[in-house]
Amino acid sequence: MKHYYSTIDGIVTTFSDIHCSAPKGESILVHMESAQEHGFETAEFLLPSIVCTKYRGFTEDECAKLTEFVRNNSLSVIPNRYTIEA
């Protein structure tokens with residue numbers, strides 16, 4: 001299930017429920033997208049590691065700024081049992 005988090009500068013941020021998998025353990029997927037004239041710019045991040053798993057349409061600089069946004073707001077999304085990785 002996706003949960004709405006925010007819309008800032010036209011970029012919609014949502015996050016998933018906690019997912020469990022053998023290779024990744026427990027994680028939350030953060031999805032960001034911005035509507036453009038010819039489709040969407042998208043980026044996905046995994047918490048608690050704050051790793052950008054894929055992005056399309058955003059520049060590397062924009063992706064770095066999105067990563068910082070996710071890092072700064074991750075404690076609002078994840079349960080208290082997680083430790084944010086630097």
TODO: Find the distance between CG (Leu66) and CG (Asp61) and round it off to the nearest 0.5 Å.
DONE: 11.0 Å
Open item on the list: I need the Glu41 CD to Cys63 SG distance, nearest 0.5 Å.
Closed with: 11.0 Å
Open item on the list: Counting neighbours of CD on Glu60 that are heavy atoms of other residues, nucleotides or ligands and sit closer than 6.0 Å, is the number greater than 12?
Closed with: no
- [ ] Measure the spacing between OG of Ser49 and CD1 of Ile28 and express it to the nearest 0.5 Å.
- [x] 11.0 Å
Task: Leu29 backbone acceptor or donor facing Ser16 side chain under 3.5 Å - done: yes
- [ ] Mind running side-chain contact (heavy atoms from CB on, under 4.5 Å) on Cys52 and Phe58 for me, showing each step along the way?
- [x] CA-CA 12 Å; Cys52 182; Phe58 290 112; over 6 Å; no
Task: Minimum heavy-atom distance between Tyr4 and Thr14, given as atom pair plus value - done: CA-CG2, 4.1 Å
Task: Heavy-atom side-chain contact between Glu62 and Tyr55 under 4.5 Å - done: no
- [ ] List the atom of Arg71, the atom of Ile50, and the distance in Å for their closest heavy-atom pair.
- [x] CA-CD1, 3.6 Å
Task: Spacing of Glu68 atom CD and Asn73 atom CG [to the nearest 0.5 Å] - done: 10.0 Å
Task: Donor-acceptor contact below 3.5 Å, side chain Thr53 vs main chain Glu44 - done: yes
Task: For Glu26 against Pro48, the heavy-atom pair lying closest together - done: O-CD, 3.9 Å
